[in-house]
Amino acid sequence: MMQAMIFAAGLGTRLKPLTDTMPKALVSVGGEPLLKRVIHNLSVAGVDRIVVNVHHFAQQIIDYLKENDNFGLDIRISDESAGLLETGGGIKHAAPLFAPDAPILIHNVDILSNVDLRHFYQRAGGLLKTDASTDVSAPTSADAPDALLLVSERKTQRYLLFDDTMRLVGWTNIATGEVKSPYPDLDPKVCRMYAFAGIHALSPRMIPLMNQFPDRFSIIDFYLQTCATHRIEGFAKDDLQLMDIGKLDTLAQAEEFLVKVKSPSQPSPSGRA
């Protein structure tokens with residue numbers, strides 16, 4: 001099976017005043033809620049089970065999914081109404097809802113991209129069966145990383161740091177010079193620097209390690225603290241087109257972006273807008 005998690009619990013403060021009355025996940029882009037678009041893309045990729053975490057206007061998301069019969073998928077709710085748990089804590093809290101034998105594809109609800117999610121999942125070792133559509137460069141299950149992070153070359157102040165094999169070794173803020181790494185003498189200047197793109201795949205064998213962490217923590221901090229002992233890898237897509245719908249001004253650009261990345265072979269999402 002293929003399984004995924006959609007991070008939909010955020011407050012969406014940068015999208016105010018829209019998010020004063022609705023969750024960010026239900027903000028419409030190109031005539032469709034962000035949540036619907038991500039669910040559709042995951043479904044096209046072959047995902048069977050989706051976990052959606054909720055907090056801000058949680059009941060609106062629950063009702064929306066119910067009204068649309070979960071879009072014909074096995075969709076489960078991870079309720080964070082009692083308090084936001086951040087990205088790492090959100091995965092830890094949702095752990096009982098996942099199958100224990102398949103990687104988890106994790107997708108921020110506010111990310112639009114041209115990423116082939118099925119291919120990305122395969123690279124993470126998600127599919128053991130090979131067929132004509134399988135990329136022969138994808139690793140076998142034995143070679144699968146413990147986590148695979150989609151990264152890009154976009155300009156930012158905060159970068160993930162990788163060695164020449166694209167294994168994660170640290171993080172840096174180039175504005176402040178701060179460095180986080182399990183390697184005390186790491187020099188960011190000799191590393192490959194990429195920005196995190198909000199899509200990643202996590203092996204279920206990493207979930208037990210989260211028991212050592214508090215209820216609330218960042219998944220990036222988790223990756224940084226485990227990358228010396230586990231294979232946390234980056235995947236830089238050459239022709240990556242990606243938009244983070246984080247601010248009101250990006251909503252105006254989103255329709256043009258969607259036209260640019262839309263695949264004519266993909267059907268339009270079904271269900272209510």
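Small disclaimer: the values here were computed from a predicted structure and weren't measured.
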Point-to-point distance, once rounded to the nearest 0.5 Å, from [atom1] of [X] to [atom2] of [Y]:
| X | Y | atom1 | atom2 | value |
| --- | --- | --- | --- | --- |
| His119 | Arg123 | NE2 | CZ | 5.0 Å |
| Leu149 | Leu202 | CG | CG | 9.5 Å |
| Asp244 | Arg154 | CG | CZ | 7.0 Å |
| Leu34 | Asn108 | CG | CG | 11.0 Å |
| Ile245 | Leu112 | CD1 | CG | 4.5 Å |
| Cys227 | Lys180 | SG | NZ | 12.5 Å |

Can you check whether [Y]'s main-chain N or O pairs, donor with acceptor, with [X]'s side chain at less than 3.5 Å?
| X | Y | result |
| --- | --- | --- |
| Ser152 | Ala197 | no |
| Gln60 | Thr21 | yes |
| Asn114 | Gln241 | yes |
| Thr156 | Ala195 | no |
| Asp146 | Met206 | no |

Sorted by chain and residue number, the side-chain contact (heavy atoms from CB on, under 4.5 Å) partners of Phe217 (sequence neighbours excluded) come out as Lys92, Met210, Phe213, Pro214, Phe222

Is the closest side-chain heavy-atom distance between [X] and [Y] below 4.5 Å?
| X | Y | result |
| --- | --- | --- |
| Phe71 | Leu65 | yes |
| Arg192 | Asp164 | yes |
| His55 | Leu11 | yes |
| Ile174 | Met193 | yes |
| Ile50 | Val38 | no |
| Leu168 | Leu224 | yes |
| Leu73 | Leu42 | no |
| Ile219 | Ile106 | no |

Evaluate the criterion side-chain hydrogen bond (donor to acceptor under 3.5 Å, both in side chains) for residue pair Ser203 and Arg205; output intermediate values, then yes/no. CA-CA 5 Å; Ser203 168; Arg205 60 182 173 266; 3.1 Å; yes

Step by step, would you call His56 with Lys24 a side chain to side chain contact (heavy atoms under 4.5 Å, CB included)? CA-CA 8 Å; His56 186 55; Lys24 176 170 59 175; over 6 Å; no

Would you say [X] and [Y] are hydrophobically clustered, going by side-chain heavy atoms of ILVMFWY under 4.5 Å?
| X | Y | result |
| --- | --- | --- |
| Ile39 | Leu105 | yes |
| Leu242 | Ile220 | no |
| Tyr223 | Leu150 | no |
| Leu97 | Ile75 | no |
| Ile111 | Val47 | yes |

Determine the interplanar angle of the Phe120 and Phe235 rings, folded into 0 to 90°, and report it as parallel if under 30°, tilted if 30 to 60°, perpendicular if over 60°. tilted

Which is it for Leu117 and Ile199 under the side chain to side chain contact (heavy atoms under 4.5 Å, CB included) test, yes or no, and what are the steps along the way? CA-CA 9 Å; Leu117 295 174; Ile199 298 173; 4.3 Å; yes

Please find the pair of heavy atoms, one from [X] and one from [Y], that lie closest to each other, and give the distance.
| X | Y | result |
| --- | --- | --- |
| Ala124 | Pro103 | O-CG, 4.1 Å |
| Asn53 | Ala8 | OD1-N, 2.7 Å |
| Ser78 | Ala94 | OG-CB, 3.6 Å |
| Ala95 | Ile207 | CB-CG2, 3.7 Å |
| Val54 | Ala9 | C-CB, 3.8 Å |
| Ile91 | Phe98 | O-CE1, 4.3 Å |

Hydrophobic clusters join Ile, Leu, Val, Met, Phe, Trp and Tyr when side-chain heavy atoms are under 4.5 Å apart, directly or via other members; which others share one with Val179? none

Other than Leu85, which residues form its hydrophobic cluster under the rule that side-chain heavy atoms must be closer than 4.5 Å? none

So Val151 and Met166, side chain to side chain contact (heavy atoms under 4.5 Å, CB included) or not? Walk me through it. CA-CA 10 Å; Val151 296; Met166 287 302 289; 4.1 Å; yes

Does this structure show an ion pair linking Lys237 with Asp116, if we count only N-O contacts that are shorter than 4.0 Å? no

Quickly, which of Val190, Leu186, Asp187 forms a side chain to side chain contact (heavy atoms under 4.5 Å, CB included) with Leu161? Name it, please. Leu186

Non-neighbouring partners of Asp238 that pass salt bridge (Lys or Arg N to Asp or Glu O under 4.0 Å), sequence neighbours left out: none

Hey, could you give me each pair passing salt bridge (Lys or Arg N to Asp or Glu O under 4.0 Å) that has a residue in residues 71-88? Not counting sequence neighbours. Arg49-Asp74, Asp74-Arg76, Glu86-Arg216

Quick check: are there more than 12 heavy atoms from other residues, nucleotides or ligands sitting under 6.0 Å from CZ of Arg167? yes

Output every pair passing ring-ring contact (aromatic ring centres under 6.0 Å, His included) with a member in residues 158-198, not counting sequence neighbours, ordered by first then second residue. Phe196-His200

Stepwise side chain to side chain contact (heavy atoms under 4.5 Å, CB included) test for Arg118 and Gln122: CA-CA 6 Å; Arg118 183 179 179 87; Gln122 288 174 338; 4.0 Å; yes

